[in-house]
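Take a look at the structure set out below.
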Amino acid sequence: MHNPDLSPESLVVSLGRPPHTLDAPVNPSITMTSTYVGAATPTGSERVYARFSNPTWDPFEEALGTLEKASSPALLYASGMASIAAAFNLVPLGGTIVLPETAYNGTLALGQQKEAAGHFKVRIAPVSDTDATIALLDGADVLWIESPTNPMLEVADIAALAAAAKEHGILTIVDNTFATPLVQQPLTMGADVVVHSVTKSLSGHSDVILGAVVCADPELRQRMHGERTLQGAIPGPFEAWLALRGLRTLSVRVEKAMANAQELAERLENHPNLEGVRYPGLPKDPGYERAKATMNGFGAVLGIYVAGGAEAAERFLDALQLWTPATSLGGVESLAERRRRHASEPKSVAENMVRLSVGIENVDDLWRDLDQALRASAL
């Protein structure tokens, strides 16, 4: 049992440890098995088969559930998209889901695919516009929120939207990948389900593909556990162990990366080779006041708009030395990507928009590399 008075910084280090008994290991071990020794007369509590359960999953699921202030453990999935797909299964056949206008392109692409197959209908909402989003809830079954959104960094009023969804009798699901539970905890704001790409900040080292779902209602969690067992989108034990090891440093990584992001955003704001910067930590950003009021920090992702269009943005990426031109985010290393290079990226994302995932390197080194690459983009 964990101490409820511990801070999140202590919980990420202490949760999921073996009991403090003499000669016990400090870290949980990896269980590599496909099946378990069974009883002649089943009791209903045994593990039975490794698609149902693995003791290596348990520590991470316990830790994430506690960090998100859920009353039951999280559920790990084989990837972030597997967790999104599992959450989409909560929309009834023929029902309606309200999705953000700009969100992770995998989420939007899967929504379009499901709609085309007749599984459900999709309504697109500007989630940073609370009234406009609430106006789309009548007759819907699920409201899906990303905040901040990927890659536009729009900030939603999660509490107001979740309250309105409850009035309409619909489920609220929040993708909390960008913020992490150290920056915001959507279940405490009224959300029913939280989704994570564990691949990103939670594991934090760009070496794991995993996803997770956290439920406010233990019965809903049990339902999703049953579906995970039948559908088979389970994590590997080694990946789960790596993710738990990465989670131990989440607090220090997030603190450093956010401090770097804030400093870089402020330096970039008036750069002559940029048309604009999006970061909720900038007072001029449209999401600043809401983020300041509802989040414990502003995250570690920036959006920059390179002057000169897509070609200049590509020259900027080619000129980077310390930053790595790559997709993904939330790792210890700093990454940069022009999101519209993906055909599935929403057209509302500008061609010259580059998403910066800020890592934990020295901020002056990061700045010098950005500055020289931006100057090279104008040549």
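Here the side chain of R253 pairs a donor or acceptor atom with the backbone of S201 at under 3.5 angstrom. Between the side chain of N176 and the backbone N or O of Q184 there is at least one donor-acceptor pair closer than 3.5 Å. Side-chain atoms of R290 do not come within 3.5 Å of backbone N or O of P286 as any donor-acceptor pair. Side-chain N or O atoms of E61 include one that pairs as donor or acceptor with a backbone N or O of L76 at under 3.5 Å. Side chain of W57 to backbone of A240: no donor-acceptor contact under 3.5 angstrom is found. Without hydrogens or angle criteria, S357 side chain to G330 main chain gives a donor-acceptor distance under 3.5 Å. Distance alone, capped at 3.5 Å, is enough to place a donor-acceptor pair between the R123 side chain and the L136 backbone. Not a single donor-acceptor pair under 3.5 Å links the side chain of E154 to the backbone N or O of G287. With hydrogens and angles ignored, the 3.5 Å screen pairs a side-chain donor or acceptor of N352 with a backbone N or O of V306. No donor-acceptor distance shorter than 3.5 angstrom exists from the side chain of S72 to the backbone of P218, with no hydrogens or angles considered.
When all heavy atoms of L99 and G111 are compared, the closest pair comes out as CD1-CA, 4.2 Å. Across all their heavy atoms, S328 and T199 have their closest contact at OG-CG2, 4.5 Å. Considering every non-hydrogen atom in both A319 and Q372, the closest pair reads O-NE2, 2.8 Å. Between W323 and P325, the closest heavy-atom pair is O-CD, 3.7 Å. The two residues A156 and S147 make their nearest non-hydrogen contact at N-OG, 2.9 Å. Closest approach of S14 to L6, counting heavy atoms only: OG-CD1, 3.9 Å.
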Would V127 and E146 count as a side-chain contact (heavy atoms from CB on, under 4.5 Å) here? Give the steps.
CA-CA 8 Å; V127 292; E146 262 189 23; 5.8 Å; no
Take W241 and R245 through the side-chain contact (heavy atoms from CB on, under 4.5 Å) test and state the conclusion after the steps.
CA-CA 6 Å; W241 184 87; R245 186 173 71 163; 4.2 Å; yes
Candidate pair E351 and R340, rule salt bridge (Lys or Arg N to Asp or Glu O under 4.0 Å), full reasoning:
CA-CA 6 Å; E351 290 279 4; R340 279 293 297 278; 3.0 Å; yes
For S348 and E101, run side-chain hydrogen bond (donor to acceptor under 3.5 Å, both in side chains): C-alpha distance rounded to whole Å, both residues' side-chain angles, the deciding distance at 0.1 Å, then the answer.
CA-CA 8 Å; S348 56; E101 181 180 17; 5.0 Å; no
One pair to check against side-chain contact (heavy atoms from CB on, under 4.5 Å): F316 and L370. What are the steps and the verdict?
CA-CA 8 Å; F316 160 73; L370 289 176; 3.7 Å; yes
Can you list the steps and then say if Y104 with I84 is a side-chain contact (heavy atoms from CB on, under 4.5 Å)?
CA-CA 10 Å; Y104 173 51; I84 290 169; 4.0 Å; yes
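Counting heavy atoms from C-beta outward, K166 and T172 have side chains that stay 4.5 Å or more apart. The shortest side-chain heavy-atom distance between P346 and N105 falls under the 4.5 Å cut-off. Counting heavy atoms from C-beta outward, V122 and L108 have side chains that stay 4.5 Å or more apart. Proximity of L90 to R223: side-chain heavy atoms (C-beta onward) are separated by under 4.5 Å at one or more points. Annotation: side chain of E239 is not in contact with side chain of F60 (no heavy-atom distance under 4.5 Å). The shortest side-chain heavy-atom distance between L356 and L264 does not fall under the 4.5 Å cut-off. Residues P55 and Y36 have side chains in contact (heavy-atom distance under 4.5 Å, counting atoms from C-beta outward). When side chains are defined from C-beta on, R228 counts as touching H225, because their heavy atoms get closer than 4.5 Å.
Contacts of A233 classified as side-chain contact (heavy atoms from CB on, under 4.5 Å), with partners at least two apart in sequence or in another chain: Y77, A82. Scored by the ring-ring contact (aromatic ring centres under 6.0 Å, His included) test, Y279 finds no partners at all (sequence neighbours excluded). Among residues two or more places apart in sequence or in another chain, the side-chain contact (heavy atoms from CB on, under 4.5 Å) test is passed with A85 by L110.
Both I173 and F120 sit in one connected hydrophobic cluster of ILVMFWY residues. Membership requires side-chain heavy atoms under 4.5 Å apart, directly or through other members. In this structure, I134 is a member of the same hydrophobic cluster as I145, with clusters built from ILVMFWY side-chain heavy atoms closer than 4.5 Å. Linking Ile, Leu, Val, Met, Phe, Trp and Tyr whenever their side-chain heavy atoms come within less than 4.5 Å puts L11 and L202 in one cluster. Follow the hydrophobic side-chain contacts under 4.5 Å out from I170 and you reach M189 in the same cluster. Under a hydrophobic-cluster definition in which Ile, Leu, Val, Met, Phe, Trp and Tyr are linked whenever side-chain heavy atoms come within less than 4.5 Å, directly or via other members, V155 and V277 are assigned to different clusters.
Between D58 and R47, at least one side-chain N (NZ, or NE/NH1/NH2) sits under 4.0 Å from a carboxylate O, which counts as a salt bridge. Looking at D365 and R368, a side-chain N of the basic residue comes within less than 4.0 Å of a carboxylate O on the acidic one, giving a salt bridge. A salt bridge links R267 to D364: one of the charged nitrogens lies within less than 4.0 Å of a carboxylate oxygen.
Ring geometry, F88 versus W144: the interplanar angle exceeds 60°, so the pair is classed perpendicular (tilted spans 30 to 60°). Using cut-offs of 30° and 60° on the angle between ring planes, the pair F52 and Y49 is perpendicular.
When V142, V214, L187, V213 are each tested for a side chain to side chain contact (heavy atoms under 4.5 Å, CB included) with V193, only one passes: V213. When the options T180, L64, L67 are evaluated for a side chain to side chain contact (heavy atoms under 4.5 Å, CB included) with L247, the one that passes is L67.
Between the side chains of T324 and E333, no donor N or O sits under 3.5 Å from an acceptor N or O. Donor-acceptor pairing under 3.5 Å is recorded for the side chains of R355 and N150.
Atom NE2 in H342 sits 4.0 Å away from atom OG1 in T327 (nearest 0.5 Å). Rounded to the nearest 0.5 Å, atoms OG1 (T133) and CG (L143) are 7.5 Å apart. With values rounded to the nearest 0.5 angstrom, N260 atom CG is found 8.5 Å from I360 atom CD1. One finds the CG atom of L302 at 11.5 Å from the CG atom of L329 (value rounded to the nearest 0.5 Å).
Atom CD of Q113 has 12 or fewer neighbouring heavy atoms from other residues, nucleotides or ligands inside a 6.0 Å radius. More than 12 heavy atoms of other shown residues, nucleotides or ligands fall within 6.0 angstrom of atom NZ in K256. Residue N362 qualifies as enclosed at atom CG: its count of foreign heavy atoms under 6.0 Å is above 12. Within 6.0 Å of the CD atom in E255, the count of heavy atoms belonging to other residues, nucleotides or ligands does not exceed 12. Within 6.0 Å of CD in E46 there are more than 12 heavy atoms belonging to other residues, nucleotides or ligands. Applying the 6.0 Å contact sphere to NZ of K114 captures more than 12 heavy atoms from other residues, nucleotides or ligands.
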